[in-house]
Amino acid sequence: MNDGANDGLRQAALDYHAYPKPGKLEVRATKPLANGRDLARAYSPGVAEACLEIQSNPASASTYTARGNLVAVVSNGSAVLGLGNIGGLASKPVMEGKAVLFKKFANIDCFDIELNETDPERLADIVCALEPTFGAINLEDIKAPDCFIVEKLCRERMNIPVFHDDQHGTAIVVGAAASNALRVADKKFEDIKIVSTGGGAAGIACLNMLLKLGVRRENVWLCDIDGLIYEGRDSSMTPQKAEYAQKSDLRTLDQVIEGADLFLGLSGPNVLTPEMVGKMAAQPIIFALANPTPEIMPDLAREVAPNAIIATGRSDFPNQVNNVLCFPFIFRGALDVGATDINDEMKIACIEGLAELARTTTSAEAAAAYQGEQMTFGPDYLIPKPFDPRLMGVVASAVAKAAMETGVATRPLEDMKAYKAKLNQSVFKSALLMRPVFEAAATANRRIVFAEGEDERVLRAAQAMMEEHTDIPVLIGRPDVIETRCQRLGLSICAADMQIVNPENDPRYREYWGTYHALMARRGVTPDLARAIMRTNTTAIGAVMVHMGEADSMICGTFGQYLWHLNYVEQVLATGDMRPVGALSLMILEDGPLFIADTQVHPEPSPEQIAEATVGAARHVRRFGITPKIALCSHSQFGNLDCDTGRRMRAALEILDAAPRDFIYEGEMHIDSALDPELRNRIFPDARMEGAANVVIFANADAASGVRNVLKMKGGGLEVGPILMGMGNRAHIVTPSITARGLLNMSALAGTPVTHYG
């Protein structure tokens with residue numbers, strides 16, 4: 001990299017840490033503190049009640065304080081990344097970054113604590129004194145052998161987990177990568193020869209873990225800067241290195257590398273030469289983990305051993321051994337069961353969870369975060385990616401289970417399945433709200449046809465459908481294209497697993513175009529045009545399939561304009577009182593759900609159409625287990641303006657009032673009055689609705705769609721939908737921005753039968 005690029009990267013990194021406010025962390029209150037009553041409960045005199053409860057029952061600290069979800073990242077800065085002994089103050093950006101990772105990946109609160117203390121026993125004394133504050137301790141960037149002393153003393157004296165991530169986090173991820181590398185190479189732990197370079201905290205911990213996984217001590221050859229660790233050597237020795245001393249006349253890495261199955265490097269750049277790789281066993285496994293420059297660059301190793309299985313510590317090569325795959329989730333599981341320790345069984349459970357996850361189908365979310373990377377299990381994909389959202393549920397639950405089975409859990413869980421579901425809900429923002437829908441879908445067995453069956457998001461959604469519920473995906477697309485893309489994406493499904501409708505060659509083609517022509521013959525569609533549409537228009541094909549009873553519902557719209565798709569849905573499926581009355585979008589926000597209509601169907605709805613959309617919204621909101629409270633929103637507020645939107649909303653209100661309704665609604669009003677009950681009560685004290693609205697109906701699609709997009713792009717909202725109301729759940733039209741997870745959510749909605757059209 002040239003100096004200009006280096007300067008640019010340096011300045012970008014400094015700006016990232018400096019703006020818009022210094023550092024990467026802040027503290028936020030989790031309880032309201034807006035008035036004297038709040039103050040009296042948060043502090044004196046109310047806080048005394050919590051103190052007395054904890055005094056009488058120390059375990060209740062996890063109920064009345066944040067301790068049960070609070071970790072300390074503690075360092076003296078004596079061995080920071082590749083920077084060496086830079087001291088506590090200079091290490092603070094790294095420790096803040098570690099705290100951010102805890103929060104981002106596992107929603108664990110974290111304080112970073114940097115200490116000016118180099119004596120390991122005194123450092124241990126300080127850490128032990130922190131026990132009342134924290135639920136667990138993460139030791140970080142403490143040099144060897146001091147780190148061994150500090151961790152040993154803290155684990156002996158503290159009744160909460162103490163985990164030196166540089167040792168055990170690296171060892172866990174290496175263990176998972178090695179497990180899968182041996183699977184690829186068809187070798188076993190008990191048979192392999194390992195040559196390792198380094199001998200520091202991480203290297204020793206990795207070797208110790210590999211022994212627990214089945215490697216034989218006599219098959220481990222450890223080298224440091226002075227060569228092989230052998231019996232009788234005196235220079236640069238530690239008790240930890242001495243455990244791996246070999247009785248041998250060999251002295252150099254070049255000599256001991258002969259026939260090695262696995263090279264494990266946690267040392268420095270360019271330690272392993274291509275000539276050494278040539279001496280290793282067939283299909284060698286090379287873990288060159290030195291950063292930023294590994295012991296050997298992957299391209300140099302492959303020049304000698306093209307089939308080598310290689311991992312590094314860098315993000316720009318496959319198989320990055322990254323501790324973030326481990327530490328957030330092992331702490332999550334330990335904290336949730338009140339573990340007093342993180343023991344070997346919990347670490348091995350973490351290894352097994354990581355290894356197994358890499359062997360399963362890649363998640364759509366991880367694929368989106370790593371676009372362009374191959375993520376199919378094999379030599380270049382041994383361990384999951386850090387942004388795979390399944391890590392939380394798989395790894396943390398495995399760790400919690402192991403903690404309970406080994407007796408270190410002080411708060412054992414009664415229902416592991418429910419716990420894993422809760423973990424997934426914390427990662428997938430839609431999971432909690434979608435649970436009633438998925439549960440209802442699980443009782444049915446509906447056939448759902450996807451019009452754009454070749455789309456990657458559709459293929460991933462189809463895979464998830466077959467894994468998570470009983471609905472049957474039907475894909476419209478070319479079988480060879482679907483098969484090729486499934487293989488490229490690493491999906492376990494294939495064309496043979498699903499029903500596929502091939503627009504280019506399907507035996508039902510004549511029946512399809514004939515049906516479409518019969519429906520459209522008096523609307524200007526000739527037989528030739530019907531034939532052409534049934535060859536090229538997958539939305540029309542899907543609609544005809546639902547019409548003919550070959551599918552129960554269809555989903556379309558992953559590309560193209562909403563109203564274009566709606567035209568064909570209406571042509572084929574709108575009959576009698578079953579017709580589109582509006583599009584309802586569920587926005588999942590930080591403070592709860594908000595439903596918005598009509599975002600797509602009617603640009604300027606009439607009062608009758610607004611009333612129909614309101615009724616449809618109430619029905620669909622109940623599908624999520626939510627009681628609807630609907631606000632009719634306009635520029636006018638309770639009659640204060642004689643404007644078009646106000647007049648239409650007032651007319652819609654009269655239509656709704658003309659018949660008994662089983663839901664709460666009010667209007668017309670501004671959106672702030674809809675969401676702020678105190679403001680609404682000041683303006684209109686006699687409003688029939690109490691509390692904040694959870695459904696807002698707008699007088700035009702521009703307003704509804706605009707609010708939806710602002711909440712999605714700037715408010716951190718996640719959309720479920722749009723839900724096409726009025727079609728009896730026979731068709732839904734999504735938008736091109738939808739994700740694979742969004743399509744899975746829509747498939748669950750489509751897979752839920754409705755007792756009356758909604």
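Here the structure is a predicted model, which is why all the values come from computation and not from measurement.
Under the 3.5 Å distance criterion, with hydrogens and angles disregarded, a donor-acceptor pair is assigned to the side chains of Asn323 and Thr170. The closest side-chain donor-acceptor pair between Asn208 and Tyr244 falls under 3.5 angstrom. Side-chain contact of His17 with Glu96: a donor-acceptor pair under 3.5 Å is absent, judged by distance alone. For the residue pair Lys103 and Asn107, a side-chain donor N or O sits within less than 3.5 Å of a side-chain acceptor on the partner. Between the side chains of Glu295 and Ser267, at least one donor-acceptor pair of N or O atoms lies under 3.5 Å. In this model, a donor atom of one side chain and an acceptor atom of the other lie less than 3.5 Å apart for Asp15 and Gln11. Looking only at atom types and distance, the side chain of Arg314 has no donor-acceptor partner in the side chain of Asn291 under 3.5 Å away. Between the side chains of Asp141 and Ser75, not a single donor N or O lies within less than 3.5 Å of an accepting N or O.
Dense packing is recorded around CD of Glu231, with more than 12 heavy atoms of other residues, nucleotides or ligands lying under 6.0 Å away. More than 12 heavy-atom neighbours from other residues, nucleotides or ligands sit within 6.0 angstrom of CG on Leu14.
Residues Ser248 and Tyr230 have side chains not in contact (no heavy-atom distance under 4.5 Å, counting atoms from C-beta outward).
Using a 30° and 60° split on the angle between ring planes, Phe134 and Phe111 fall in the perpendicular class, above 60°.
When each of Val271, Val304, Val195, Leu253 is paired with Met276, the side chain to side chain contact (heavy atoms under 4.5 Å, CB included) condition holds for Leu253 and for no other.
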Assess whether salt bridge (charged side-chain N to carboxylate O under 4.0 Å, His left out) is satisfied between Lys347 and Asp165, documenting all intermediate values.
CA-CA 12 Å; Lys347 296 170 192 173; Asp165 187 44; over 6 Å; no
